[in-house]
Amino acid sequence: MTWTPLTTAERAAFEAELRACIGTPWRHMGRSGCGYGHQTGLDCVGLLVRAALSVGRDPSDLELYGRAPDGTLESILTERLGEPCAPSTGCIVLIRLPREPSHVGYITEAGTLLHAYNGGNRCVVEHPMGLWQKRIVRGWSV
């Protein structure tokens with residue numbers, strides 16, 4: 001089952017929820033604010049799950065995934081979000097970290113990347129696209 005596109009109001013609320021999480025500590029399989037799972041942080045998937053729940057969407061959360069990429073994330077995203085599109089504002093994106101596509105984030109209306117990042121400060125952050133642009137593998141409009 002794939003999502004129907006978010007309305008303008010839902011997209012604004014989705015992005016606002018992502019921004020409200022800035023500074024939340026990174027934790028593998030973290031689901032802080034989701035009502036289940038580890039409640040002490042968020043990982044990249046958990047951040048998007050939380051934002052989806054905030055706008056009343058069923059995120060069909062991933063379960064029991066490892067930290068090492070296994071090559072399935074792209075197909076799971078396509079199954080749940082529909083066919084990929086050119087990455088642009090309002091897209092969930094799949095990112096290579098460092099070499100394999102194993103990370104997800106969201107391109108904001110301002111053209112920045114919001115994601116729970118296990119580098120730097122190990123928390124939810126908003127980065128300018130800059131170097132991230134070349135790491136993006138696919139996008140899915142939500």
Side-chain angles (χ1 to χ4, degrees), residues 1-7 9-85 87-142:
M1 174 176 68
T2 59
W3 283 15
T4 57
L6 296 176
T7 65
E10 287 173 328
R11 185 178 311 282
F14 184 88
E15 193 169 309
E17 183 64 23
L18 293 171
R19 276 207 176 87
C21 295
I22 291 174
T24 301
W26 181 89
R27 179 176 178 155
H28 179 64
M29 297 202 63
R31 297 295 184 271
S32 182
C34 295
Y36 61 94
H38 297 299
Q39 292 293 299
T40 58
L42 292 164
D43 67 3
C44 61
V45 172
L47 176 63
L48 297 174
V49 165
R50 179 173 170 164
L53 290 169
S54 78
V55 296
R57 298 299 176 104
D58 174 8
S60 300
D61 197 0
L62 302 176
E63 296 179 16
L64 303 175
Y65 50 87
R67 291 184 186 196
D70 65 3
T72 62
L73 189 53
E74 184 173 353
S75 62
I76 291 168
L77 288 167
T78 298
E79 175 187 304
R80 296 180 185 180
L81 298 174
E83 288 302 311
C85 62
S88 62
T89 61
C91 281
I92 289 174
V93 290
L94 178 63
I95 302 166
R96 281 188 311 274
L97 271 185
R99 292 178 190 88
E100 298 298 323
S102 60
H103 183 60
V104 292
Y106 179 79
I107 301 177
T108 69
E109 292 297 321
T112 58
L113 179 67
L114 272 165
H115 59 137
Y117 183 46
N118 186 21
N121 294 337
R122 294 179 50 103
C123 64
V124 176
V125 293
E126 184 168 9
H127 282 129
M129 287 303 291
L131 297 174
W132 291 99
Q133 185 69 44
K134 67 182 179 181
R135 292 178 177 246
I136 294 175
V137 175
R138 301 272 182 278
W140 290 264
S141 181
V142 294

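In this text the structure is predicted, and so the values were computed from the model without any measurement.
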Closest heavy-atom pair and its distance - Val124, Cys21: CB-O, 3.2 Å
Rounded distance (nearest 0.5 Å) linking atom CZ of Arg135 with atom NE2 of His103: 9.5 Å
Test item: Gln39 side-chain N/O and Tyr36 main-chain N/O as donor-acceptor pair under 3.5 Å: yes
Ile22/Glu126 under side-chain contact (heavy atoms from CB on, under 4.5 Å): CA gap, chis, key distance, verdict: CA-CA 7 Å; Ile22 291 174; Glu126 184 168 9; 3.7 Å; yes
Separation of Thr40 OG1 from Arg27 CZ (nearest 0.5 Å): 3.5 Å
Evaluation steps, side-chain contact (heavy atoms from CB on, under 4.5 Å), between Met129 and Thr108: CA-CA 10 Å; Met129 287 303 291; Thr108 69; over 6 Å; no
Side-chain heavy-atom pair Leu53, Cys34 within 4.5 angstrom cut-off: yes
Sidechain-backbone polar pair: Glu83 side chain, Thr78 backbone, donor-acceptor under 3.5 Å: no
Atom of Glu17, atom of Ala51 and distance for their closest heavy-atom approach: CG-CA, 3.8 Å
Interatomic spacing from CD1 in Ile92 to CG in Leu77 - rounded to 0.5 Å: 7.0 Å
Verdict with reasoning, Leu97 to Asn118, per side-chain contact (heavy atoms from CB on, under 4.5 Å): CA-CA 10 Å; Leu97 271 185; Asn118 186 21; over 6 Å; no
Value rounded to 0.5 Å, distance of OG1 in Thr24 from CG in Leu18: 10.5 Å
Check: Arg11 side chain, Pro5 main-chain N or O, donor-acceptor pair, under 3.5 Å: no
Partner of Trp26 under side chain to side chain contact (heavy atoms under 4.5 Å, CB included), chosen from Leu47, Asp43, Asn121: Asp43
Parallel, tilted or perpendicular: rings of Trp132 and Tyr117 (30°, 60°): perpendicular
Residue pair Arg31, Asp61: steps toward the side-chain contact (heavy atoms from CB on, under 4.5 Å) verdict: CA-CA 10 Å; Arg31 297 295 184 271; Asp61 197 0; 2.8 Å; yes
Salt bridge (charged side-chain N to carboxylate O under 4.0 Å, His left out) between Arg19 and Glu15, worked out: CA-CA 6 Å; Arg19 276 207 176 87; Glu15 193 169 309; 2.8 Å; yes
Distance-minimising heavy-atom pair for Ala13 and Ser54: O-OG, 4.2 Å
Inter-residue atom distance Glu74.CD - Ser102.OG, 0.5 Å rounding: 12.5 Å
From Val104, Val93, Leu81, residue fulfilling side chain to side chain contact (heavy atoms under 4.5 Å, CB included) relative to Trp140: Leu81
Where Gly105 and Ile95 come nearest, the two heavy atoms and their spacing: N-CD1, 4.3 Å
Nearest-0.5 Å distance, CD1 of residue Ile107 to CG of residue Leu114: 10.5 Å
Minimal non-hydrogen separation, Val125 against His127, with atom names: CG2-CE1, 3.3 Å
For Ser141 against Cys85, the heavy-atom pair lying closest together: N-SG, 3.5 Å
Ser32 side chain vs Leu42 backbone, donor-acceptor pair below 3.5 Å: no
